[in-house]
Structure formats: structure tokens, C-alpha cells
**Student:** 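Below you will find the structure I want to go over with you.
When a ligand or atom number is given, it counts from 1 through the structure's own listing order. Nothing fancy with the numbering, it's 1 onward along the sequence.
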Amino acid sequence: MSHFSYQDGVLHAESTPLPQIADAFGTPTYVYSKAALLENFNAYANACKGRDALVCYAMKANSNLAILDLLAREGAGFDIVSGGELLRVIAAGGDPGKVIFSGVGKTVGEMKLALEKGILCFNVESIPELHRLNEVAGAMGKRAPVSLRVNPNVDAKTHPYISTGLKSNKFGIAFDDALEAYRTAARLPHLAVVGIDCHIGSQLLDDAPLLEALDKLIDLIDTLAAVGIVLHHLDIGGGIGINYGAAGDDPPVAVGEYLGRLFARIDAWRADKHGGQPIKVIFEPGRSIVGNAGVLLMSVEFLKPGEEKNFCVVDAAMNDMMRPTLYEAWMAVQPVVPRSGKPVTYDIVGPICESGDWLARGRDLSLVPGDLLAMMTAGAYGMTMASNYNTRARPAEVIVDGDQVHLVRKRENPVDLFELESLLK
Ligand SMILES: *Cc1c(COP(=O)(O)O)cnc(C)c1O
């Protein structure tokens, strides 16, 4: 069920009319639905009930502290990709013992911080990283828990920028090199080899590539066990896609169905080869937790008719929402209070001095300046990718809970944006 709907001709977040939020907090503003966040997380959590499984929210999708807090209270772990994200988890009251650390470029400082805080596991992506982590852990008198991110070389059939499981991607250890990498890891004295992981890409509409990756990991786990390297967890990554609402798009597989098929395969394998002994399963979903739980609320500044194109200039821009220009992503834009006038075809653009500064193209809308628009399904990879290009203050963020609205990030003040800068002495 969508938690953003028209009620009496006005678009609402849960039972709060969006114009009320624009009046109170201005625009552009990211608006999140608490009910949607919890519903999305619980689709995973419920499918994992009664099993040794952990859902580690991939917080790069949206790392607002209030969202992390809500998910931590539901039992979420977190998939982080930087030391900064770990500090956010801790600030939000999350448990470092449920944190896994992904990413190809972990620094010595980040490794130290994560070891100090006692994270669950490092997802290691290369041999040099194994050696660095071994040294850092040794100097601290610790053993670092590691999982190797294996690149199963399956085609996720998604946008090249968000496809990560092919041989040509920078991520992970090539499948054919994995056995040797595990042997190296097992020899290093300050590492504890605990698991295996993969992440083949984002916005996957079909779970077939994920199940194909699972089969490869299963084979590898058995091969490793045969040489005495016994793994305790299997992490299948994130990646289930969401419905952005473009015409003709296939609906993504439902989370419950995907997890059902995955667990069925894992259970059959454990029964067949491991006497039914379970293995811990970890998921790293990001987009499918927050994507449809947020909209970007914006105002129409000017309408600019042209010979070839009509432009609708809004107060949000590519710095607030990068997805359209970065991935040519199609995102729905809806009028908050639809008008009955004849629609005009617009390109919806921001005020930034770049031709790439567009949010949506060729949309039929009936508008006047001052109207509110909502970019739908904007909760994931929206605010976290926002920048201050053109010295633009980033949007405010609010979470709606029924008819209650909570400001969870103030709108930035442009003066603060150059606070860290100084003139030459
Ligand atoms: C980005 C990322 C995820 C989350 O992907 P979604 O498509 O948002 O679910 C999970 N794991 C890793 C390693 C990632 O880089």
C-alpha cells in the first residue's frame, strides 16, 4: 500500500497534507513516511522470522539518524561503506555488533575505528585489503572478523553504474580467485574468516540473477569446507528493485517471494549436504527499505515556454536529487493539488548552471507558478547523494507519522556552507 495518496484532491503523506509541510518547512523538502519505512523493513524481517538471519540496512541509501534509529529499534543491523557511516550508526543508538563494513577502499583509520567499536564483520574486497586489515588488527591485539566479497560474475541486468557483479566491475574478488584468497585469509593470524558475501547490483527487478549468485556462493562454501575453511554466514547483498512507476516497467519481485525462494534453496542445500545444520544469512537492502518511503516536495518558480520545449523551473535541482542526471533515471513527478486546466508538456529543471540539471523530461502537467510538485519514490539515494553545488543549501527532511510531522534535518543555512573556509593570511 502506498503511504502517499490523494485525499480530497490533495496529495498526502499518511494523513498529513503536503501543502501543510511546505508551509511549515518550506521547499524543497524530503518527506518520509514512518509507516512505509517500517512496512518495508518488516517485509524482510517477517520473511526471516524464526531463522538465524540479519537484515543489515545499507544506509548509503538514506542515512538520516532518525531513520537509522527507527530501523535499529526494529532490530536492523547496518551495512556501512565508511567510517562516517559507523559514527552515524553509533550516534543513532545502533549496535556496532550488527554492523558489516563494505567497500573497496577502507583506510587504516576506518579499520581501526571499526575494530575499536567491535563490528560484526569486514566485507573484504581484495588481497591487499586482507593484508592491511591483518596488520591493523595485529597492532591493536585483535582478530578482525572477515568475509570475502566474491564477484560471482552474473549479469544483474541493471544500469551499468549500479551493476557490480561482473568481471569488469571494480568490486569484489573474482570468483576464480576466491579459493586462493580464502587460503590467504585463513593463514593471516589476526583475521578470523567467518563468512562470504556478494552484491551484484542495485534496482534488480527479477531475483533470478540473485539466485544464480546464491548457487555460486553455495558451491564455493562447500569447496571451502572441503579444504577445512568453514564459514558461518552467507551474505547475499542488497539489490531488490522498486517500482518507480514508469509506464511499461515490470513490477519488481516482492521481497517476501524473493526471500521465500532464497531460503527454500538454502534449506534444501543444508538438508542435502550439511545434515540440516543452518547457516546464518545476512541481507543488505537499501533502496527497497527507503525508496518508496520518501518524496521530494518542491515548488514551481517559473514556467518558460519555448519553441522546442517548455520548461518548468522548480526550486529543487540536480544537487538535491542526482538520480535523473546521473543514471537517466525516470522518476514520477505529481502535482500536489492537481488542476483541471489543459496539460502542457514540460521538462522539469532546476536553477543550476548545467544543462544536465533536469529532474524529469516530457511530463504533461497543468501548472501555474507557485504550485507544489512531489517527486515520488525519492527516499533512496536522494538526500545522501545531495551536494552543495552552486552553494545551494540542502533540503530539510521530515518524517510523517500519521498527522504528526517531525523535522529530522533542518534546512541548511547557506552561510554555514563556507564556514570551514578561510581567506589567505
Ligand atoms: C549499495 C549497496 C547495497 C544496497 O543496494 P540496494 O540496491 O540499495 O539494496 C548493499 N550492499 C552493498 C555492498 C552496496 O554497495
Side-chain angles (χ1 to χ4, degrees), residues 37 40-41 43-44 47 54-64 67-68 71 76-82 84-86 89 98-106 110 114 119-126 129 146-152 154 156-166 169-173 195-207 209-210 213-214 217 233-244 252-255 258-259 262 281-294 322-323 326-327 329 377-385:
L37 282 165
N40 292 339
F41 178 77
Y44 283 91
L54 181 64
V55 183
C56 291
Y57 167 58
M59 61 184 278
K60 74 179 191 288
N62 189 322
S63 57
N64 185 284
I67 291 179
L68 304 185
L71 296 176
F78 297 94
D79 174 36
I80 64 167
V81 290
S82 72
E85 286 193 342
L86 179 54
V89 169
K98 288 184 180 174
V99 165
I100 51 178
F101 193 170
S102 301
V104 296
K106 299 174 195 80
E110 288 175 323
I119 66 164
L120 178 63
C121 187
F122 290 83
N123 286 353
V124 172
E125 304 218 13
S126 66
E129 187 188 335
V146 300
S147 157
L148 295 193
R149 176 168 177 179
V150 170
N151 187 337
V154 303
K157 301 190 179 65
T158 183
H159 189 284
Y161 282 14
I162 49 177
S163 175
T164 52
L166 285 170
N169 297 124
K170 73 175 174 181
F171 298 101
I173 292 167
I196 188 165
D197 74 283
C198 74
H199 172 69
I200 61 172
S202 197
Q203 186 55 8
L204 275 67
L205 297 178
D206 181 3
D207 58 10
L210 287 159
L214 172 67
L217 295 194
H233 80 242
L234 152 58
D235 174 347
I236 194 74
I240 279 297
I242 57 174
N243 191 352
Y244 281 98
V253 60
V255 167
Y258 158 50
L259 265 63
L262 185 118
V281 182
I282 298 179
F283 299 93
E284 306 170 350
R287 189 190 308 274
S288 49
I289 305 280
V290 285
N292 72 3
M322 286 270 282
R323 298 190 65 256
L326 184 60
Y327 310 123
T377 323
Y381 306 105
M383 187 62 175
T384 45
M385 282 192 174

**Student:** With a cut-off of 4.0 Å, which atoms of ligand 1 are near a heavy atom of Pro285?
**Tutor:** 9 (O)

**Student:** Going by the order shown, which atoms of ligand 1 are within less than 4.0 Å of some heavy atom of Ala58?
**Tutor:**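 Those atoms are 3 (C), 4 (C), 10 (C).
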
**Student:** If we only count heavy atoms from C-beta on, is the Leu120 to Leu54 side-chain gap below 4.5 Å?
**Tutor:**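 Of all side-chain heavy-atom pairs linking Leu54 with Leu120, at least one is under 4.5 Å.
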
**Student:** Find all atoms of ligand 1 within a distance of less than 4.0 Å from any non-hydrogen atom belonging to Ser102, and give their numbers and elements.
**Tutor:** 13 (C)

**Student:** Evaluate Ile240 for polar contact with ligand 1, using N/O atom pairs at a separation under 3.5 Å.
**Tutor:**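 Min N/O separation from ligand 1 is not below 3.5 Å for Ile240.
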
**Student:** Show me which atoms of ligand 1 lie under 4.0 Å from any heavy atom of Arg149.
**Tutor:** 13 (C)

**Student:** Among residues at least two apart in sequence or on other chains, which ones pass salt bridge (charged side-chain N to carboxylate O under 4.0 Å, His left out) with Glu110?
**Tutor:** none

**Student:** Name the residue from Leu217, Ile196, Asn123, Val281 that meets the side chain to side chain contact (heavy atoms under 4.5 Å, CB included) definition with Asp235.
**Tutor:** Asn123

**Student:** For Phe122, is the NZ or CZ atom of Lys106 found under 6.0 angstrom from the centre of its six-membered ring and inside 45 degrees of the ring axis?
**Tutor:** no

**Student:** Would you mind finding which of Ala380, Gly238, Ser202, Gly237 brings a heavy atom closest to atom 7 (O) of ligand 1?
**Tutor:** Ser202

**Student:** Students should be able to answer this: which protein heavy-atom is nearest to atom 5 (O) of ligand 1, and at what distance?
**Tutor:** His199 CE1, 3.4 Å

**Student:** Quick one: do Phe78 and Leu86 satisfy side chain to side chain contact (heavy atoms under 4.5 Å, CB included)? Show the steps, please.
**Tutor:** CA-CA 9 Å; Phe78 297 94; Leu86 179 54; over 6 Å; no

**Student:** Residues two or more places apart in sequence or in another chain: which of them pass side chain to side chain contact (heavy atoms under 4.5 Å, CB included) with Thr377?
**Tutor:** Ile242, Tyr244, Asn292

**Student:** Which heavy atom in Pro285 sits nearest to a heavy atom in Ile289, and how many Å separate them?
**Tutor:**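 In this case the closest contact between Pro285 and Ile289 is O-CG1, 3.8 Å.
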
**Student:** Could you work out, for atom 13 (C) of ligand 1, the closest of Arg287, Glu284, Gln203, Met59 by heavy-atom distance?
**Tutor:**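 Nearest heavy atom to atom 13 (C) of ligand 1 lies in Glu284.
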
**Student:** Who's the nearest protein heavy-atom neighbour of atom 8 (O) of ligand 1, and how far?
**Tutor:**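 Result for atom 8 (O) of ligand 1: Tyr381 OH, 2.6 Å.
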
**Student:** Do Leu214 and Leu234 make a side-chain contact, defined as non-hydrogen atoms from C-beta onward lying under 4.5 Å apart?
**Tutor:**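 When only atoms from C-beta onward are counted, Leu234 and Leu214 do touch, with a gap below 4.5 Å.
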
**Student:** Note the single closest protein heavy atom to atom 2 (C) of ligand 1, along with its residue, its atom name and the distance in Å.
**Tutor:**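 Going atom by atom, the protein heavy atom closest to atom 2 (C) of ligand 1 ends up being Lys60 NZ, 2.3 Å.
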
**Student:** For ligand 1, which atoms, with element, lie under 4.0 Å from some heavy atom of Gly286?
**Tutor:**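 Under 4.0 Å from Gly286, ligand 1 has these atoms: 4 (C), 6 (P), 8 (O), 9 (O).
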
**Student:** Below 4.0 angstrom from a heavy atom of Asp79, which ligand 1 atoms are there? Numbered from 1 as shown, please.
**Tutor:**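 The atoms of ligand 1 under 4.0 Å from a heavy atom of Asp79 are 10 (C), 11 (N), 12 (C), 13 (C).
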
